[in-house]
Participant: 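Please see the structure below; I have some questions.
None of these values were measured; they are calculated from a predicted model.
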Amino acid sequence: MTSTIFDRLRSGGFEQALFHQDARTGLRSLVVLHDTTLGPALGGVRMHAYENETAALDDGLRLARAMTLKAAAAGLDLGGGWSVVLGDPARDKSEALLRAHGRFVATLGGRFIPVNDVGTTQADLAVIGTEASPVCADGDPSPMTALGVLEGIRACLRATGGDGSMRGVRVCVQGAGNVGAALARLLAAEGAELLVSDIDPRRADAVARSVGARVVEPATAAATACDVLAPCALGGVVDDRTLPQLRCRIIAGGANNVLAAPEHAAALEARGILYAPDFCVNAGGLIFLEERLRGHDDARVEQRVRQVGARVATLIERARRSGVPPTEAALTLARERLRPR
């Protein structure tokens, strides 16, 4: 029997999925609210030329759930949601379309707080913010996402017998966008041996030149021999095809939904690959956004983001004590916070 949208919302614990169209601007968009137990849902506005509406909904559902888990596991008082705009950002994006999406977001009365994501910029969020409030259009969270990933990698290195030093550690940064480029700079500053990959060869070349890295082809990045694979682009990096090809000992990066299916966590564990759950290791950007919403200064933001490493270390230790993959330990931690009191 084919599942309906309501079946999917109920089985995944989602609160709402809202769809909107605006004939004048051509806008087709949706907002998914997964869980607002801890506070308003914060999530990205992703504009992408999806193959169809089902693919757009699938992406929104996955990303909204990931934001709930990320906020809960990071100890934040935020919920999880996501917004998707269907269309090619290079061809279809306009001020009128963004403002129409802002009016749609405004109907939620502050229950969803948008931030830029793939296909949107902070300038786009400022336009959305002319119609909706609050929005996160002040300050780029990418450097803090990267800083949290750096500290998460450090925790993983210590958990696998290292001292936390990056010197000589071979890291393959998969994705040379805002987060990947920032992470590459941080790793280079600490003496890591860097490999960089991106579907845009010019972007990969630019980042590689700036940090002294070697470029690897996107199709072979996941199978590249390295100490750390750092996915920093779209999700689904570890799937049935790539899993047997992996030649790393640690996976920790800025991408969301790195595992194509939940069972891949146990498969990585069986192969002896330490996986830092994406919704924990990439929480630095979300921490940054919560701190900015509360008006806190940069020093406090950095202090809290650097604690991502300690949280990842605690999760690894907890997982080993319980005999489960780190992802399961992280999910348990998040569910404990989400449990009604």
Participant: Please collect all side chain to side chain donor-acceptor pair (under 3.5 Å) contacts where either partner lies in residues 209-232, sequence neighbours excluded, each pair once.
Facilitator: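 Residue pairs with at least one partner in residues 209-232: D227-R249.
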
Participant: Is any side-chain heavy atom of P326 closer than 4.5 Å to a side-chain heavy atom of L274?
Facilitator: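 Side-chain contact under 4.5 Å: yes.
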
Participant: Is there a continuous path of hydrophobic side-chain contacts, each under 4.5 Å between heavy atoms, that joins V237 to L195?
Facilitator: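 Hydrophobic grouping puts V237 apart from L195.
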
Participant: Are any of the side-chain heavy atoms of V312 and C156 separated by less than 4.5 Å?
Facilitator: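 Of all side-chain heavy-atom pairs linking C156 with V312, at least one is under 4.5 Å.
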
Participant: Flag yes if L186 and V228 sit in one hydrophobic cluster, no otherwise; membership is Ile, Leu, Val, Met, Phe, Trp, Tyr, and two members link when side-chain heavy atoms are under 4.5 Å apart.
Facilitator: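 Same hydrophobic cluster.
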
Participant: Any sub-3.5 Å donor-acceptor pair from S197's side-chain atoms to A221's backbone N or O?
Facilitator: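 No, S197 side chain to A221 backbone: no donor-acceptor pair under 3.5 Å.
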
Participant: Please name the pair of heavy atoms, one in A204 and one in A176, separated by the smallest distance, quoted to 0.1 Å.
Facilitator: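 So the two residues come closest at CA-CB, 4.2 Å.
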
Participant: Starting from L69 and following side-chain heavy-atom contacts under 4.5 Å between hydrophobic residues (I, L, V, M, F, W, Y), which residues can be reached?
Facilitator: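 Taking Ile, Leu, Val, Met, Phe, Trp and Tyr as members, L69 shares its hydrophobic cluster with F279, L331.
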
Participant: Quick one, Y50 and V84 - any side-chain contact, counting heavy atoms below 4.5 Å?
Facilitator: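 The answer is yes, as the side chains (C-beta and beyond) meet within the 4.5 Å cut-off.
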
Participant: Tell me whether L9 shares a hydrophobic cluster with M67, the cluster being built from Ile, Leu, Val, Met, Phe, Trp, Tyr side chains joined at under 4.5 Å.
Facilitator: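 Result: yes, single cluster for both.
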
Participant: Quick one, R158 with D163, criterion side-chain contact (heavy atoms from CB on, under 4.5 Å). Give me CA distance, side-chain angles, the key distance, then yes/no.
Facilitator: CA-CA 5 Å; R158 288 175 176 145; D163 61 4; 5.8 Å; no

Participant: Between K93 (side chain only) and G119 (backbone N and O only), is there a donor and an acceptor less than 3.5 Å apart?
Facilitator: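 At least one qualifying donor-acceptor pair exists.
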
Participant: Which hydrophobic side chains are connected to F6, either touching it within the sub-4.5 Å cutoff or through other members that do?
Facilitator: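 Noted: F6 shares its cluster with no other residue.
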
Participant: Just to verify, which of V173, T145, N282 counts as forming a side-chain contact (heavy atoms from CB on, under 4.5 Å) with C232?
Facilitator: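 Exactly one option meets the side-chain contact (heavy atoms from CB on, under 4.5 Å) with C232, and it is V173.
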
Participant: For V127, what are the other residues in its hydrophobic cluster, where any two members join if their side-chain heavy atoms are less than 4.5 angstrom apart?
Facilitator: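 Reading the cluster by chain and number, V127 sits alongside L27, V45, M47, V85, L97, L98, L125, I128, V135.
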
Participant: Of all the heavy-atom pairs spanning C280 and V308, show the shortest one and how long it is.
Facilitator: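 It is O-CG1, 3.6 Å.
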
Participant: Just so I know, are the side chains of T160 and I250 near enough to count as touching, which here means a heavy-atom distance under 4.5 Å?
Facilitator: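 SC-SC contact between T160 and I250 confirmed.
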
Participant: Going only through I, L, V, M, F, W and Y residues with side-chain contacts under 4.5 Å, is there a path from M144 to L78?
Facilitator: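 In one cluster: yes.
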
Participant: List the steps and the verdict of side-chain contact (heavy atoms from CB on, under 4.5 Å) for L63 and H34.
Facilitator: CA-CA 9 Å; L63 291 163; H34 179 251; over 6 Å; no

Participant: Backbone N or O of T121 within a donor-acceptor pair of the N116 side chain at under 3.5 Å?
Facilitator: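 Judged by distance alone, no pair lies under 3.5 Å.
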
Participant: So for atom CZ, which belongs to R46, do other residues, nucleotides or ligands contribute more than 12 heavy atoms lying within a distance under 6.0 Å?
Facilitator: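 Yes, the 6.0 Å shell around CZ holds more than 12 heavy atoms from other groups.
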
Participant: Sequence neighbours excluded, which residues qualify as side-chain contact (heavy atoms from CB on, under 4.5 Å) partners of A265?
Facilitator: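 In terms of side-chain contact (heavy atoms from CB on, under 4.5 Å), with neighbours along the sequence ignored, A265 is linked to L259, P325, T327.
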
Participant: Mind checking side-chain contact (heavy atoms from CB on, under 4.5 Å) for E193 and listing every partner two or more places apart, or none if nothing turns up?
Facilitator: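 For E193, the residues satisfying side-chain contact (heavy atoms from CB on, under 4.5 Å) (neighbours in sequence not counted) are R170.
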
Participant: Output yes when a side-chain donor or acceptor of R103 lies under 3.5 Å from a complementary backbone atom of E131, and no otherwise.
Facilitator: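 Not a single qualifying donor-acceptor pair exists.
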
Participant: With rounding to the nearest 0.5 angstrom, report the CH2 to OG1 distance, W82 to T68.
Facilitator: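 Between W82 CH2 and T68 OG1, I get 11.0 Å after rounding to 0.5 Å.
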
Participant: Short question: side chain of S165, backbone of R167 - any donor-acceptor pair under 3.5 Å?
Facilitator: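 Confirmed, S165 side chain pairs with R167 backbone.
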
Participant: Tell me the salt bridge (charged side-chain N to carboxylate O under 4.0 Å, His left out) pairs involving residues 250-262, sequence neighbours left out?
Facilitator: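 Passing the test, one end in residues 250-262: no pairs.
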
Participant: Quick one: pull up SG in C226 and CZ in R247 and give me the separation to the nearest 0.5 Å.
Facilitator: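 So the SG of C226 and the CZ of R247 are separated by 8.5 Å.
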
Participant: Got a second to check how far L86's CG is from S29's OG, nearest 0.5 Å?
Facilitator: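 L86 atom CG to S29 atom OG measures 8.0 Å (nearest 0.5 Å).
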
Participant: Might you point out which heavy atoms bring A233 and A255 nearest each other, and give the distance in Å?
Facilitator: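 Heavy-atom minimum between the residues: O-CB, 3.2 Å.
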
Participant: Rounded to the nearest 0.5 Å, what's the gap from OH on Y275 to CG on L268? Could you check?
Facilitator: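 Answer for the OH-CG pair, Y275 versus L268, is 8.0 Å.
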
Participant: Using the rule that two of Ile, Leu, Val, Met, Phe, Trp, Tyr join whenever any of their side-chain heavy atoms come within less than 4.5 Å, decide whether V169 and V211 are in one cluster.
Facilitator: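 In one cluster: yes.
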
Participant: Determine whether L150 and M166 satisfy the following criterion, side-chain contact (heavy atoms from CB on, under 4.5 Å), listing intermediate values before the conclusion.
Facilitator: CA-CA 9 Å; L150 177 78; M166 301 293 170; 3.8 Å; yes

Participant: With distance as the sole test, does D198 use its side chain to make a donor-acceptor pair with the main-chain N or O of P201 at under 3.5 Å?
Facilitator: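 Not at all, since once roles are kept as given, no pair shorter than 3.5 Å links the two residues.
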
Participant: Counting C-beta onward and ignoring hydrogens, is there a side-chain heavy-atom pair between C136 and L293 closer than 4.5 Å?
Facilitator: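 Side chain of C136 against side chain of L293, heavy atoms only: contact under 4.5 Å found.
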
Participant: Which residue pairs pass the salt bridge (charged side-chain N to carboxylate O under 4.0 Å, His left out) test with at least one member in residues 22-36, sequence neighbours excluded?
Facilitator: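 Of all non-adjacent pairs touching residues 22-36, those that pass salt bridge (charged side-chain N to carboxylate O under 4.0 Å, His left out) are R28-E53.
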
Participant: Pairs of donor and acceptor atoms involving the side chains of residues 284-292, under 3.5 Å and at least two apart or interchain, shall be tabulated with distances.
Facilitator:
from	atom 1	to	atom 2	distance (Å)
E290	OE1	R304	NH1	3.1
E290	OE2	D77	N	3.0
E290	OE2	R294	NH2	3.4
E291	OE1	H296	ND1	2.6
E291	OE1	R300	NE	2.7
E291	OE2	R304	NH1	2.4
R292	NH2	D138	OD1	3.3
R292	NH2	D138	OD2	2.9

Participant: Distance from I153 atom CD1 to L183 atom CG, nearest 0.5 Å?
Facilitator: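 Here the rounded value is 5.0 Å.
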
Participant: Tell me the closest heavy-atom pair linking V171 and A192, and the distance in Å.
Facilitator: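 Heavy atoms only, the tightest pair is CG2-CB, 4.4 Å.
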
Participant: Taking only residues at least two apart or on different chains, which pairs with a member in residues 174-188 satisfy side chain to side chain donor-acceptor pair (under 3.5 Å)?
Facilitator: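 Qualifying pairs: none.
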
Participant: Does the side chain of H48 pick up a donor-acceptor pair with the side chain of D88 at under 3.5 Å?
Facilitator: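 No donor-acceptor contact under 3.5 Å links the two side chains.
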
Participant: Measure the shortest side-chain to side-chain distance between D92 and P89 over non-hydrogen atoms and say whether it is less than 4.5 angstrom.
Facilitator: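 The answer is no; the side chains never approach within 4.5 Å.
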
Participant: Take a 6.0 Å sphere around CD of E263 and say whether it holds more than 12 heavy atoms from other residues, nucleotides or ligands.
Facilitator: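 Counting other residues, nucleotides and ligands, CD of E263 exceeds 12 neighbours.
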
Participant: For the residue pair D239 and A260, what are the closest heavy atoms and their distance?
Facilitator: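 For D239 and A260, the tightest heavy-atom pair comes out as CB-CB, 3.7 Å.
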
Participant: Would a 4.5 Å heavy-atom cut-off, applied to side chains only, mark L246 and L229 as touching?
Facilitator: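 Yes, close enough: below the 4.5 Å cut-off.
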
Participant: Tell me whether the count of non-hydrogen atoms from other residues, nucleotides or ligands lying under 6.0 Å of CD1 in I273 goes above 12.
Facilitator: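 Yes, the 6.0 Å shell around CD1 holds more than 12 heavy atoms from other groups.
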
Participant: Transitive ILVMFWY cluster of L315 at side-chain heavy atoms under 4.5 Å: who else is in it?
Facilitator: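 ILVMFWY cluster around L315 also holds L333.
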
Participant: Write down the atom of A71, the atom of G79, and the distance for their closest heavy-atom approach.
Facilitator: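 Minimum heavy-atom contact is CB-O, 4.5 Å.
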
Participant: Kindly list each side-chain donor-acceptor pair under 3.5 angstrom involving residues 105-114, sequence neighbours excluded, with atom names and distances?
Facilitator:
from	atom 1	to	atom 2	distance (Å)
T107	OG1	F104	O	2.5
R111	NH1	Q16	OE1	2.6
R111	NH2	E15	OE1	3.2

Participant: Indicate yes or no: does R10 engage D7 in a salt bridge with an N to O separation below 4.0 Å.
Facilitator: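 Result for this pair is yes, salt bridge flagged.
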
Participant: Once rounded to the nearest 0.5 Å, what's the spacing between atom OG1 of T332 and atom CZ of R318?
Facilitator: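 CZ of R318 is found 6.0 Å from OG1 of T332.
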
Participant: Do H101 and T120 have side chains that get closer than 4.5 Å, going by heavy atoms?
Facilitator: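 They are not in contact (no side-chain heavy atoms under 4.5 Å apart), so the answer is no.
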
Participant: List the steps and the verdict of side-chain contact (heavy atoms from CB on, under 4.5 Å) for L30 and H20.
Facilitator: CA-CA 6 Å; L30 61 95; H20 183 69; over 6 Å; no

